[in-house]
Amino acid sequence: MSDHYTYRVLWSSEDGEFAGLCAEFPSLSHLAPDQVEALIGIRALVSDVVADMRRNGEPVPEPFADRAYSGRFVARIPSELHRRLIIEAAEEGVSLNRLVSNKLAAAPLAVFKRSSPSRNSGIKKRAHA
């Protein structure tokens, strides 16, 4: 199951190394001098944490890749922004839903800035609920 998790490797200029991250386990990271080592390290760390959680009877996060999505969500926005978006959609001859969907698809994903990912030295780190 840990193969289905969402992994990412980023350069950490603060640490001068690559940081391996897992979206489903945001409190975990693994630093390494190259990208491959960072990916191998975070995957091994996640695998160890998942095994530990199972042994302790803790719920294990479901991978994002294995979840079903309806394609629908509700967002609250300021009324002035809502009005501007309605006008823009009307001017473009599309529905509000299509306009917002197109804007979201075109927007670059923000890179989550982590504060100093630390090297895994055999210590498993995770947030407790």
Nearest-0.5 Å distance that lies between atom CZ in R8 and atom CG in L10: 6.0 Å
Is it true that I86 and V100 fall in one hydrophobic cluster, defined by side-chain heavy atoms closer than 4.5 Å? yes
Checking I77 against L85 for the side chain to side chain contact (heavy atoms under 4.5 Å, CB included) test, could you report, in this order, the C-alpha distance in whole Å, the side-chain angles of both residues, the deciding distance, and whether it holds? CA-CA 10 Å; I77 59 174; L85 290 170; 3.9 Å; yes
Find the distance between CD1 (I87) and NE2 (H82) and round it off to the nearest 0.5 Å. 10.5 Å
Residues at least two apart in sequence or cross-chain that pass salt bridge (charged side-chain N to carboxylate O under 4.0 Å, His left out) with E91, listed by chain then number, are none
Check for me, please, whether V74 and L99 land in the same ILVMFWY cluster - side-chain distances under 4.5 Å, paths through other members count. no
Contact check, side chains of F25 and V50, non-hydrogen atoms, under 4.5 Å: yes
Which heavy-atom pair separates P63 from H4 by the least distance, and what is that distance? CB-O, 3.5 Å
Close side-chain approach of E92 to N102, heavy-atom, < 4.5 Å: no
Heavy atoms only: give me the nearest E62-E24 pair and the separation to one decimal. O-CG, 4.0 Å
Sorted by chain and number, sequence neighbours left out, ring pair (Phe, Tyr, Trp, His ring centres under 6.0 Å) with F18 holds for W11
Test item: M53 and P61 side chains (from C-beta on) under 4.5 Å apart, heavy atoms: yes
With a 4.5 Å heavy-atom cut-off, do E88 and K103 have their side chains touching? yes
Closest approach of A38 and A32, non-hydrogen atoms and distance? N-CB, 3.4 Å
Could you state the interatomic distance from NE2 (H30) to SG (C22), rounded to the nearest 0.5 Å? 13.5 Å
So which atom in P33 and which in E17 form the shortest heavy-atom distance, rounded to 0.1 Å? N-OE2, 3.5 Å
Validation row: I42, L21 side chains within 4.5 angstrom (heavy atoms): no
Please check if L96 and F73 belong to a single hydrophobic cluster, counting links between Ile, Leu, Val, Met, Phe, Trp and Tyr side chain heavy atoms closer than 4.5 Å. yes
Got a donor-acceptor contact below 3.5 angstrom from the Y7 side chain to the I40 backbone? no
Euclidean distance, L31 CG relative to E37 CD, rounded to 0.5 Å: 11.5 Å
Side chain of D34, backbone of V36: donor and acceptor closer than 3.5 Å? yes
